[in-house]
Structures are given as C-alpha cells and as structure tokens.
Amino acid sequence: MNHSDLDRNAYMLCGPLAKRGYLRWWHSFSGVSSVSGERRTFFVEYQILNPVPGKPKRDAAPVPSYVKVTAGVFPSEKEAGLQFSSYHSIQGAKFAKKPLYFQVGDNILRENRITGHVEEALDREAIKNDVVPATIEWDLEILKTISCHTGLLASRFFCAINALDSYWHGEGIKTHYRGFITLNGEAFEVYSDNCNGYADKHWGRSFNHPWFQLSSCTLLSERTGKLLKHSALAIDGCCPRFLCFRFKPKLLVQLTYTGEDFCYSFAKPLQKPLLKWGTKERKDSFTWHVKAANRDSLMTLTLHSPKATMMSLQYDSPDGSAAPKLKAGTDGFGTLDLYRITPAGKVWLDTLTIQNGLCIIEKPSKKNR
C-alpha cells in the first residue's frame, strides 16, 4: 500500500544478514543535456555486501565483503549505455539509520539528496599513455511522493526467519529528482516534474531467482486523454521460503491511480488475490503479461521493452557464487486495463498507456505461472 516507512528504507543488514546478506538502494531518473537537448535516463546504485563476513569454511574461497557504488546511463537509439563502478572497504563507510545517512568516499546517500562521483578504472597501460578516464558525477535533490509498502512480509520477524530470499521496499515508486548529473563533462539537467524518477531498496540473504521487476510513473489516461497525476505502477517478484524449503515465485503489485491504491499481494490472503504472469523473449524485445485481481478490482498489463535500449547489470552473490545477470531498461511501453469489481460484475475504470517503464529481468519464463 502507499505508505512511507523511512525505517524500512534504512540500513538493515543486522544479525545473520550482516554475515551473509546484501543491500542495494536504487535510483533512476532522466535528464536533458544542456548542450544537445538530448534526453537520457541514468541510474545510481549504492550496494553493501556482507558487512561482517564470517570465517570461510576450510578450502572455501573467502566471501566478498565490500561497498560498491555504480552509476550509469541507459542506451538510447543514438548512444550506447555506460556504467561505472567503484569498490570500497566496509571500514571506510559511514552509516546512520535515523535519518538515513550513508557515505563512502565522496558518495553520499540521504532520503532527500544523493551526491557522488565514479570514474572508469584504468589499467596500467592506459595510465602510462595518459588516457583520460570516463567519469560520471551527480548532485540531486529528492522528493518521494508515492511509496509501496509490503506490510508484514518484510517485517523484522520474517527477516529473522529468512522467509524470503530477498526483500523489497519501494519508498519512492514515484520520485521527483532535481539537479544535475554530468557524464564525461557533459551536464544533464534533471527536472523534478518530468524526470520519470524511481527509488527503491532490496536486501536479503540472496538475490531473487528469477528476478522480475516492472515500474512506471508515466501513465496516460484514455478516459481523460491526460497524463495522470499522483499515479504510479510498481511490480516486484519475490521468492518465499519456509526454513530450507522454497516455494514458487510470487508477485507484489501496486497501482496508485490518481491517489487510489490498487494492491495485489499473496501476503494479503484476505484479498483473495489472483496473480498470473509470464514473459516472452523475441528477437528484439521482451514482453511481459500480468493479470492481477482481488475481490474489489482487476488489472491486466502488457508491457514491452526493446532490447536495443537495455543493458546488463551484474552483481556478486553474498555466498560468493555467481549472482543473476540482469537485463535492465527504462523504455518500457504498453497498456494497462483497470476494472472495479461490483456485485453486478466488472466495471471499466480506465485504460492506461504506459511509457518510460523500468524493466529488470533475469531469465524469461516460457509459460505463465
């Protein structure tokens, strides 16, 4: 539901997750070049892995333990995508929960502002030849206006028993960013009203498998012909477990439609939710189909993401094994049909045209679950 929870967006790698766990704060937004007028979509991610690593077992490789800051720009029709990462020791990082504060080097994360700088790592030969490294730096104010709260599913109790492989909190599924991001010396201005901003957090014992995530706050109403205000869509997959037994992947869905929340989650059994979804991979695109229903409403979604504007995101798993290799893009487009369920049957509320959709996927499924 649309409920802000700054405690849940704070640093949470405590107890068992401190020895084997990850946390990533994600931000994505678009900006306009002050030189060419071109619009590009950027992302900034702050990640922590195993802040208190335990002793490795005999003959086992040590588990990774570091802080990582990654920033980049997604591919466009004219330009290739770029991403840069910097690694830092856990000892060099500073944390505070209330209010949220995270700093490593000159990279700072707060609830209402992010600043930082990452440059391309050069090898000895490049340094010897005086190659100038590629750089990206940012200074952005943040205002999060719509949140997606997963309720008890990500409470302290369920985190303590490892009820999920990975937990999610969408503190800013619609976020206004304002400021500048500079890529290789070219400044891009980020406007709060049309930046297509999104901010969330994942944390847990291991990454979801498979990874499934969709979102957009650029929703055009067929009923009014206008861009919807105070509206956003967020969908995230999760992998529930009981002790060492894993269950089938599930979805968490929230559509905030002009201030009204339509939520579909297996964690709310009283809703009697119905969730069906699947992904198809074509030569030049991915296509997602989602059907979500409860006692009060029904939504059907079809979303496409061109492969040409997607890029790879790679992570290390907390246990040292290979983590999911993700494909991500922010040019998703499609339609969403929304109905209200009444005693007389379903009543059409609106058909939404979706643009600028954030789409992240690990491996497409061959059939609907």
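Of the possible donor and acceptor atoms, none in the side chain of T330 sits under 3.5 Å from a partner among the backbone N and O of G357. Using a distance-only test at 3.5 Å, with no hydrogens or angles considered, no donor-acceptor pair links the side chain of E222 to the main chain of T351. Counting only distance, with no hydrogens or angles, the side chain of T182 and the backbone of G185 share no donor-acceptor pair below 3.5 Å. Of the possible donor and acceptor atoms, one in the side chain of Q83 sits under 3.5 Å from a partner among the backbone N and O of S312. Remark: the backbone N or O of Q47 is not paired with any side-chain donor or acceptor of Y315 at under 3.5 angstrom. Side chain of E141 to backbone of L143: no donor-acceptor contact under 3.5 angstrom is found. Although no hydrogens or angles enter the test, the distance criterion places a donor-acceptor pair under 3.5 Å between the side chain of T309 and the main chain of P306. Side chain of Q254 to main chain of D261: no donor-acceptor pair is present (N/O by atom type, distance under 3.5 Å, no hydrogens or angles). A donor-acceptor contact shorter than 3.5 Å is absent between the side chain of S216 and the backbone of I354. At least one donor-acceptor pair closer than 3.5 Å links the side chain of S76 to the backbone N or O of E79.
Side chain to side chain, D350 and S221 meet the donor-acceptor criterion of an N or O pair below 3.5 Å. Between the side chains of H27 and Y198, no donor-acceptor pair is found at a separation under 3.5 Å. Residues S86 and H88 have side chains that bring a donor and an acceptor to within less than 3.5 angstrom of each other. Using modelled atom types, one finds no donor on one side chain facing an acceptor on the other under 3.5 Å when comparing H304 with S285. Remark: the E111 side chain and the N9 side chain contain an N/O donor-acceptor pair separated by less than 3.5 Å. Side-chain contact annotation: S28 with W26, donor-acceptor N/O pair under 3.5 Å present. In this model, no donor atom of one side chain and acceptor atom of the other lie less than 3.5 Å apart for R340 and S297. When only modelled atom types and interatomic distance are considered, D200 and Q213 share a side-chain donor-acceptor pair under 3.5 Å.
Side-chain contact between E171 and I142: absent, with no pair of heavy atoms (C-beta onward) separated by less than 4.5 Å. Within the 4.5 Å cutoff, the side chain of Y11 has heavy atoms near those of the I48 side chain.
Through chains of ILVMFWY side-chain contacts below 4.5 Å, I341 is grouped with L298, Y339, W348. Members clustered with V347: none, using a 4.5 Å side-chain heavy-atom cutoff among hydrophobic residues. Through direct or indirect side-chain contacts shorter than 4.5 Å among Ile, Leu, Val, Met, Phe, Trp and Tyr, F180 is connected to no other residue. Within the hydrophobic cluster formed by Ile, Leu, Val, Met, Phe, Trp and Tyr side chains joined at under 4.5 Å, directly or through other members, L220 stands alone, with no partner residue.
Note that CG of L326 and CE of M310 are 9.5 Å apart. Values are rounded to the nearest 0.5 Å. Here the straight-line distance linking atom SG of C217 with atom CD1 of I173 works out to 9.0 Å at 0.5 Å rounding. The distance from the OG atom of S33 to the CZ atom of F188 is 4.5 Å, given to the nearest 0.5 Å. Distance check, rounded to the nearest 0.5 Å: OG of S305 to CZ of R282 gives 12.5 Å. Here L82 contributes atom CG and F74 contributes atom CZ; the two are 12.0 Å apart, rounded to the nearest 0.5 Å. Interatomic distance, D236 CG to K250 NZ, rounded to the nearest 0.5 Å: 15.0 Å.
Aromatic ring pairs are classed by plane angle as parallel below 30°, tilted from 30° to 60° and perpendicular above 60°; the pair H169 and H149 is perpendicular. The aromatic rings of F42 and F29 lie parallel to each other, their planes meeting at an angle below 30°, with 60° marking the opposite boundary.
Counting heavy-atom neighbours within 6.0 Å of R24 CZ, excluding the residue itself, gives a total above 12. In this structure, K291 places its NZ atom where only 12 or fewer heavy-atom neighbours from other residues, nucleotides or ligands lie under 6.0 Å away.
Contact between I114 and W138 at its shortest, heavy atoms only, is O-CD1, 3.6 Å.
A single hydrophobic cluster is not seen to contain both L352 and F333; linkage of ILVMFWY side chains at heavy-atom distances under 4.5 Å, directly or through other members, places them apart. A continuous path of ILVMFWY side-chain contacts below 4.5 Å connects F95 to L49, so both sit in one hydrophobic cluster.
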Per-pair distances, 0.1 Å, donor-acceptor, side chain in residues 62-72, under 3.5 Å, sequence neighbours excluded:
from, atom 1, to, atom 2, distance (Å)
S65, OG, N50, O, 2.6
Y66, OH, D316, OD2, 2.5
K68, NZ, Q314, O, 3.4
T70, OG1, S85, OG, 2.9

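The only option from L109, L140, D139 that meets the side chain to side chain contact (heavy atoms under 4.5 Å, CB included) definition with T115 turns out to be D139. Test W211, Y46, W25, Y167 against H202 for ring pair (Phe, Tyr, Trp, His ring centres under 6.0 Å) and you get one pass: W211.
The salt bridge (charged side-chain N to carboxylate O under 4.0 Å, His left out) analysis of residues 182-195, with sequence neighbours excluded, yields no pairs.
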